[in-house]
Amino acid sequence: MAILVIAEHDNKDLKDATHKTVTAALSMGGDVDVLVAGKGVKDVMGQAVKIDGVRAVLGVDHKVLERQLAEAMEVVIVPLMGDYDAVLAPDTTTHKNYMPRVAAKLDVQQISSVTGVESADTFVRPIYAGNAMATVKSSDAKKVVTVRTTAFAAAGEGGSASDKMLADPAGSYKSEYIGEELSKSDRPELTAAKVVISGGRGMGSGENFKLLEGIADKLGAAMGASRAAVDAGFVPNDWQVGQTGKAVAPALYIAVGISGAIQHLAGMKDSKVIAAINKDEDAPIFQVADYGLVADLFKALPEFEAELGKAGL
Amino acid sequence: MKVLVPVKRVLDYNVKARVKSDNSGVDLANVKMSMNPFDEIAVEEAVRLQEAGTAAETIVVSIGPAKAQETIRTGLAMGIDRGVHVQTDEDLEPLAIAKILKSVAEAEGADLVVMGKQAIDNDYGATGGMLAAMLDWPIGSAANSVEHDGGAMTVVKEVDGGLQTVKLTLPAVVTTDLRLNEPRYATLPNIMKAKKKPIEAKTPADYSVDTAPRLTTVKVTEPAARKAGIKVEDAAQLVDKLKNEAGVI
Ligand SMILES: Cc1cc2nc3c(=O)[nH]c(=O)nc-3n(C[C@H](O)[C@H](O)[C@H](O)COP(=O)(O)OP(=O)(O)OC[C@H]3O[C@@H](n4cnc5c(N)ncnc54)[C@H](O)[C@@H]3O)c2cc1C
Ligand SMILES: Nc1ncnc2c1ncn2[C@@H]1O[C@H](COP(=O)(O)O)[C@@H](O)[C@H]1O
């Protein structure tokens, strides 16, 4: 059995989501290769060969792969699948965009956002916003799987895989990259952070998110939000945690002014410890919170920040 | 331009799914069902394209049981011209759904398919990408805004790092994200009008595609429950607990 893992990277740095996906692949059993598709991928390949347990790193380097758009990724991956029994990618927006395309070309039913690997053909995945866990067995000859990376530990970095460059993806494409507007932040990435502090509609405005910043600084936390806070324009769309946003599972998740709708819980209830600040003692968020503080956030947040200071943070 | 909008009837987003005691699935007996929220956004976008004079005709299609007709009527009441109902009691997988949708898109001569990025019941998020592949069309997934100009569609997509803009040569598939628009409520007169709009009755067999399932559900279980926590008195106690009890700061 041979498994292809598609690397998550930004053409410079290999992302941890790759290491986690490799762990999922290794637990299926068999040889695991990593594909780095992008532009100027030499450095990223150099990082990928170190991942523990990886047999070979394949690289494909072309301008059309710079953003890993769906059509070009299809052209790269589908022909490679002659040599592989399964292809796995992290369930980030980049890979969610093209993996169904690969699955359709292979006439395979994709298995999305798996949180568990039972065997080479049987996987566990959340459905209904994580209110049920389905164990599914695939009868397809080849498996196309996206991986909920928060559910897997990252593979280590003591390996020394071989590497190989592949031919350019030929073809003309009907979609074209125009530009992007990325949120800039010096904070850790939401899905990789050890501490996440999120604000909801209760924050009242984007300006008020400043109340969370001092705390985030002290805790080295990433900042997130509920859908309501994003819809209201308080913060950018990529801050949304939940069923249809990002899934996070930090050591500590702090929910502030968030009621705890099922769609929000779906994205954060696997956090190790959950703390919540909400003025409504009946808010559903308290049903999943290890530590609940019933208080007005405008009073509680400055106090919380000051107490962190007193505790030496 | 002809716009096709695939819509799915799902457990209402406000209802908490309950796992059946025999672990065979989720209990859908006597619970509120609605149009998948992302599909409502797709319907709204199609109606807006029509109101703007960009779309000449809009068609809503749903694959599902007899009751899926209600979901189609909801789309018609929001302003879609007509419906196609592909009736089946089987819970088809995205691969099979995409194959049927491909046939419908070809039969209708659609120039644009606008659909949800994800069905909130199975959470696959796969059908749009599969359909685009089968048609060999480009895709703009998780659209935050769309702009039509001539033979192309510019789509601003929600991505993990922020927003990304792509330009698609039509025909194309666009999948919706939450911020694309705010779906309208159907007014009573429009609900009445929708009753007279035509719905074509079809079955999967009409399209002669392979809809055999590829996955078998071994079991469906409750997720691991979290232990009930405690309420703290104030910020000082919260910091103390996080530091000295949980050891996470
Ligand atoms: C298809 C679909 C997908 C969705 N996907 C997601 C998703 O991915 N992520 C997500 O988060 N949601 C998602 N939602 C939305 C979800 O259903 C809820 O509407 C949303 O999570 C509510 O956000 P909120 O908790 O910030 O707002 P609200 O529910 O309005 O809660 C605000 C909370 O703030 C508290 N509050 C107000 N003022 C103060 C104060 N001064 N001090 C302390 N507390 C205060 C209130 O008591 C209340 O509990 C989705 C919905 C749909 C239909
Ligand atoms: N049974 C169905 N009938 C019509 N459209 C569907 C059906 N199932 C899925 N879709 C469409 O495909 C989208 C994504 O669904 P999924 O891939 O199942 O998450 C939905 O938002 C719908 O637009």
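To find a chain, count down the sequence lines: A is the first, B the second, and so on, and within it residues start at 1. The basis for the numbers below is simple: all heavy atoms, side chains too, and nothing from hydrogens, waters or symmetry mates. None of these values were measured; they are calculated from a predicted model.
Atom NZ of K20(B) is surrounded by more than 12 heavy atoms from other residues, nucleotides or ligands within 6.0 Å. The number of heavy-atom neighbours closer than 6.0 Å to CD of E245(B), taken from other residues, nucleotides and ligands shown, is above 12. Within a 6.0 Å sphere centred on NZ of K137(A), heavy atoms belonging to other residues, nucleotides or ligands number 12 at most. Within a 6.0 Å sphere centred on NZ of K142(A), heavy atoms belonging to other residues, nucleotides or ligands number more than 12. In the displayed structure, E106(B) atom CD is contacted under 6.0 Å by more than 12 heavy atoms of other residues, nucleotides or ligands. Counting non-hydrogen atoms of other residues, nucleotides and ligands closer than 6.0 Å to NZ of K194(A) gives a total of 12 or fewer.
Of the atoms belonging to A70(A), it is side-chain heavy atoms, and not backbone ones, that fall under 4.5 Å from chain B. When heavy atoms are compared at a cutoff of 4.5 Å, E71(A) approaches chain B solely by way of its side chain, counted from C-beta outward. With a threshold of 4.5 angstrom between heavy atoms, V26(B) approaches chain A through side-chain atoms but not through N, CA, C or O. Using a 4.5 Å cut-off between heavy atoms, R227(A) contacts chain B through both its backbone and its side chain. With a 4.5 Å cut-off on non-hydrogen atoms, K219(B) touches chain A through its backbone and its side chain both. Interface residue S183(A): backbone and side-chain heavy atoms are both found under 4.5 Å from chain B. The parts of K269(A) that come within reach of chain B are both its backbone and its side chain, each placing non-hydrogen atoms under 4.5 angstrom from that chain. The parts of L182(A) that come within reach of chain B are both its backbone and its side chain, each placing non-hydrogen atoms under 4.5 angstrom from that chain. Contacts of I274(A) with chain B are made by both backbone and side-chain atoms, with heavy-atom separations under 4.5 Å. Heavy-atom distances place the side chain of I262(A), and not its backbone, under 4.5 Å from chain B. Neither the backbone nor the side chain of E182(B) has a heavy atom closer than 4.5 Å to any heavy atom of chain A. For K299(A), no part lies under 4.5 angstrom from a heavy atom of chain B. Contacts between Q118(B) and chain A at a heavy-atom distance below 4.5 Å involve the side chain alone, from C-beta outward. Only the backbone of V15(B) comes within less than 4.5 Å of a heavy atom of chain A; no side-chain atom from C-beta onward does. Interface remark: A251(A) contributes backbone and side-chain atoms alike to the contact with chain B (heavy atom separation under 4.5 Å). Proximity to chain B is absent for every atom of D91(A), based on heavy atoms less than 4.5 angstrom apart.
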side-chain contact (heavy atoms from CB on, under 4.5 Å) assessment of L95(B) paired with V108(A): CA-CA 7 Å; L95(B) 184 68; V108(A) 162; 5.8 Å; no

side-chain contact (heavy atoms from CB on, under 4.5 Å) evaluation trace for M130(B) with Q110(A): CA-CA 9 Å; M130(B) 288 181 158; Q110(A) 168 172 300; 4.2 Å; yes

Full working for side-chain contact (heavy atoms from CB on, under 4.5 Å) between K99(B) and D107(A): CA-CA 10 Å; K99(B) 286 177 183 174; D107(A) 193 30; 2.8 Å; yes

Residue pair D160(B), K96(A): steps toward the salt bridge (charged side-chain N to carboxylate O under 4.0 Å, His left out) verdict: CA-CA 11 Å; D160(B) 282 339; K96(A) 280 182 186 169; over 6 Å; no

Q240(A)/R179(B) under side-chain hydrogen bond (donor to acceptor under 3.5 Å, both in side chains): CA gap, chis, key distance, verdict: CA-CA 12 Å; Q240(A) 182 180 313; R179(B) 262 70 57 177; 2.7 Å; yes

Verdict with supporting geometry, D238(A) and E158(B), side-chain contact (heavy atoms from CB on, under 4.5 Å): CA-CA 7 Å; D238(A) 53 297; E158(B) 295 200 0; over 6 Å; no

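Ion pairing of D290(A) with K227(B) is absent here, as no side-chain N (NZ or NE/NH1/NH2) approaches a carboxylate O to less than 4.0 Å. The pair K105(A)-D136(B) meets the salt-bridge criterion, with a side-chain N (NZ, NE, NH1 or NH2) lying under 4.0 Å from an Asp/Glu carboxylate O.
Side-chain N or O atoms of D123(B) include one that pairs as donor or acceptor with a backbone N or O of A129(A) at under 3.5 Å. With hydrogens and angles ignored, the 3.5 Å screen pairs a side-chain donor or acceptor of R226(B) with a backbone N or O of V288(A). Using modelled atom types, one side-chain atom of Q263(A) and one backbone atom of Y13(B) make a donor-acceptor pair closer than 3.5 Å. Remark: side-chain polar atoms of R125(A) are paired, donor with acceptor, to backbone N or O of N122(B) under 3.5 angstrom. In terms of modelled atom types and a separation under 3.5 Å, the side chain of R18(B) and the main chain of N131(A) share no donor-acceptor contact.
When each of A132(B), G125(B), A119(B) is scored by its heavy-atom pairs under 4.5 Å with chain A, the top score falls to A132(B). Of the listed residues L313(A), I127(A), D10(A), the one with more heavy-atom pairs under 4.5 angstrom with chain B than any other is I127(A). For chain B, the option among A132(A), G179(A), P236(A) with the highest count of heavy-atom pairs below 4.5 Å is G179(A). Per-residue counts of heavy-atom pairs under 4.5 Å with chain A were compared for G229(B), G128(B), G161(B); the largest is that of G161(B). Heavy-atom pairs under 4.5 Å with chain A were tallied for L131(B), T169(B), N144(B); the largest tally goes to T169(B). When A98(B), P138(B), G247(B) are compared by the number of non-hydrogen pairs under 4.5 Å with chain A, P138(B) comes out ahead. Counting heavy-atom pairs closer than 4.5 Å to chain A, the top-ranked of the candidates V19(B), L168(B), D121(B) is D121(B). Heavy-atom pairs under 4.5 Å with chain A were tallied for D177(B), D240(B), T154(B), L242(B); the largest tally goes to L242(B).
Counting heavy atoms from C-beta outward, E180(A) and L163(B) have side chains that stay 4.5 Å or more apart. With contacts defined as side-chain heavy-atom distances shorter than 4.5 Å, the pair K231(B)/L293(A) does not qualify. Residues L238(B) and E307(A) are not in side-chain contact: their nearest non-hydrogen atoms beyond the backbone lie 4.5 Å or more apart. Residues Y291(A) and Q237(B) have side chains not in contact (no heavy-atom distance under 4.5 Å, counting atoms from C-beta outward). The shortest side-chain heavy-atom distance between I111(A) and L215(B) falls under the 4.5 Å cut-off. In this structure, the side chains of V136(A) and T217(B) come closer than 4.5 Å at one or more pairs of heavy atoms. Between V248(B) and V195(A) the shortest side-chain heavy-atom distance does not fall below 4.5 Å. Side-chain contact between Q243(A) and I120(B): present, with at least one pair of heavy atoms (C-beta onward) separated by less than 4.5 Å.
Side-chain atoms of Q109(A) and Y124(B) form no donor-acceptor pair, as typed in the model, at a separation below 3.5 Å.
Note that the CD atom of Q164(B) and the CG atom of L69(A) stand 6.0 Å from one another [nearest 0.5 Å].
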